Amino acid sequence: MPDMTTMQTTNGAEPMIRLQELTKVFPGQKNPAVESLDMDIPAGEIVILVGPSGCGKTTTMRLINRLIEPTSGHIILEGEDVTKVNPDKLRRRIGYVIQQVGLFPHQTIADNIATVPKMLGWDSKRIRARVDELLALVGLDPSQYRNRYPKQLSGGQRQRAGVARALSADPPVMLMDEPFGAIDPITRDRLQNEFLRLQETIRKTIVFVTHDIDEAIKMGDRIAILREGSRIAQYDTPARILSAPADDFVADFVGHGASLKRLNLSRVRDVELVDWPTAGLESSPAEVLAALRGSDKGAVLILDGGRRPTRWVTGRELGRADQPIAELGHPAEAIVQRHTTLGDALNEMLTSRVGCAIVVDESGAYLGTVDFATVSAEIQTMRQDARDRSRAEADEIHGSSARNG
Amino acid sequence: MDAFLAYLAAQGDRLFASTLEHATIVLISVALATVIGVTIGVLTYRTGAPRRMALRVTGIFLTIPSFALFGLLVPFLGLGTTPAIVALVMYGLLPIVRNTIVGLRSVDPAVVESAQGMGMGRYRRLLRIELPLSWPVIITGVRVAAVITVGIAAIAAVVNGPGLGKDIFRALARFGSPNSVPQVLSAILGIIIIAITIDLVFVLIARFTTSRGIRA
């Protein structure tokens, strides 16, 4: 069987971080907290360590910047064995964000962010420019926040300042330990989205610890599901973890509703849109009726001058049409964009009287719709893909063992 | 009351000099106690047994009756300023050591962890993060030590130490004679003025040396 931990490494490129037989036994404990872990973390990806509490995921992360010293094994960073180098120097090359953020309360936000650059001996002009650049990058207006103290910021703003601080010396690697764990669900969702957008530009190698499988699926390019002793149960893309869990442990951990979760990995732009008949606000009832008759649908979508959806009008409502079109039918709701996930689109559909979500572009102009049939077909395709892949793997294993035998 | 005011008028210059002497010996002792006490606190706050030992020993110092302690130091240090300062430092240690330990131990572990995670070494962490964050607690300990020492410094007169204590002892030795009561009262007044001034000065120092980010 192919080696679970290395088979996913991107086409032979050198990993940013390589863990080799990494082991940690805490004094006085019989079982290792991390047991002979081998893992490659490819450059520029978000790798999530996820697992039940006590599985050793945080310990594993803290072994990477040696806040916990390994009992045995090696940590290779950018091809260099850093298991024995000066830990403080190593840590200045690795950004670190924890759940409680840990901003220094007695220092301004600017001083907090300047911590590592100061230790690295940057001159003050360069530091000031970098601080402002980072504050802007994480969405905090520098002129407003530079001189504030942490207690003058909200939880979400503190978290952003923490990310800015971790990015200060532009480290290639960031370690994030449940960074959004202590934040209310609405802010968390926004911070997660912001962070994903940020990552598209900064392209850091990120090791991200969470216990929340939904967060793992949302944030991860790759997910390592860990069981006790930080042993890897499966190390794979979110799509593969959801559609082809390696064993019962992974399937249980992912939990019920894997298909629904899988829908959050596909976006509206990935599926074919369904067209509905449309008419302009100024159309006569006869024209609307003609549009309706020309299709197999039961309603016409009325668009305004900018082709923005305004109302749904059904055939029956057209019958008693002594009113202008703009007052007929009901308002067009359930409007989504191309980057909306299918999961969210499905949610919107459920609230729509017509049973579909309207897709619009950035200017709000109508593009098409997504309906239940589209989503259902997508689920079928995912299942089929998963089955095909497992079968292909089974054949491969069978084939290789047959050759060996 | 008239007698008191007349005494003050006649002896004002001498009293003022004694008061300055008294304040000086207190400030020297507190400065030494701060250096020693903060050092002891920093060295012991993270380890259980030494920490308990430091608190116990400095606690015992404070329970020794001051009259006895001054007397006990004479065979080793003779008379005068030296035994007075040594004794005052011993009395000032407990509040400083205790507040240093409490202050350092109450620093948010997440803050220390993030400092360590960013590559701040042990000393940098202590100087830049832990001590500044525990500073309001430490300075309060120093303030308490100073106020305690102002009173005890009066007893230093038994070892021929400087300060207002001399006036009190002399007057008590000839109690009942004219001027003895005004002499005691004026010495006590001087001590109270020193204590209040020192207390105020420390409140101001604490205020201006504490970061705005952690001020209450």
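The chains referred to below are lettered A, B, ... by the order of the sequence lines, with proteins before strands, and numbering in each begins at 1. Just so it is clear, the structure is predicted and the values come from calculations on it, not from any experiment.
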Taken to the nearest 0.5 Å, the spacing of Phe104(A) CZ from Asp108(B) CG works out to 11.0 Å
Taking every heavy atom of Gly213(B) against every heavy atom of Lys151(A), the minimum-distance pair comes out as O-CD, 3.5 Å
Any sub-3.5 Å donor-acceptor pair from Lys89(A)'s side-chain atoms to Gly119(B)'s backbone N or O?
no
Whatever's closer than 4.5 Å to a heavy atom in chain B on Arg66(A) counts as neither
CE of Met118(B) to CG of Asn65(A), rounded to nearest 0.5 Å, is 11.5 Å
Okay, Ile94(A) and chain B: the region with an atom under 4.5 Å from a heavy atom over there is backbone
Query - Residue Lys84(A) excluded, over 12 heavy atoms near NZ under 6.0 Å - result: no
- Any side-chain heavy-atom pair from Met119(A) and Met120(B) closer than 4.5 angstrom? yes
Would you indicate whether Ile186(A), at its atom CD1, is surrounded by more than 12 heavy atoms from other residues, nucleotides or ligands within a distance under 6.0 Å?
no
* Asked: Side chains of Tyr96(A) and Gln116(B): closer than 4.5 Å at any heavy-atom pair?
  -> no
query: Is Asp13(B) atom CG crowded by more than 12 heavy atoms from other residues, nucleotides or ligands, each under 6.0 Å away?
result: no
Whatever's closer than 4.5 Å to a heavy atom in chain B on Val101(A) counts as backbone
query = Side chains of Arg148(A) and Arg212(B): does their closest heavy-atom pair fall under 4.5 Å?
reply = no
* To do: Output yes when a side-chain donor or acceptor of His106(A) lies under 3.5 Å from a complementary backbone atom of Arg215(B), and no otherwise.
  => no
Honestly, the part of Leu103(A) sitting under 4.5 Å from a heavy atom of chain B is backbone
Exercise. Crowded around Arg207(B) CZ? As in, over 12 foreign heavy atoms under 6.0 Å?
Worked result: no
Applying a strict 4.5 Å limit to non-hydrogen atoms, the region of Pro105(A) in contact with chain B is both
Are the side chains of Ser114(B) and Arg165(A) in contact, using a 4.5 Å heavy-atom criterion?
yes
Scanning both residues in full, the closest heavy-atom pair of Gln100(A) with Ala110(B) reads CB-CB, 3.6 Å
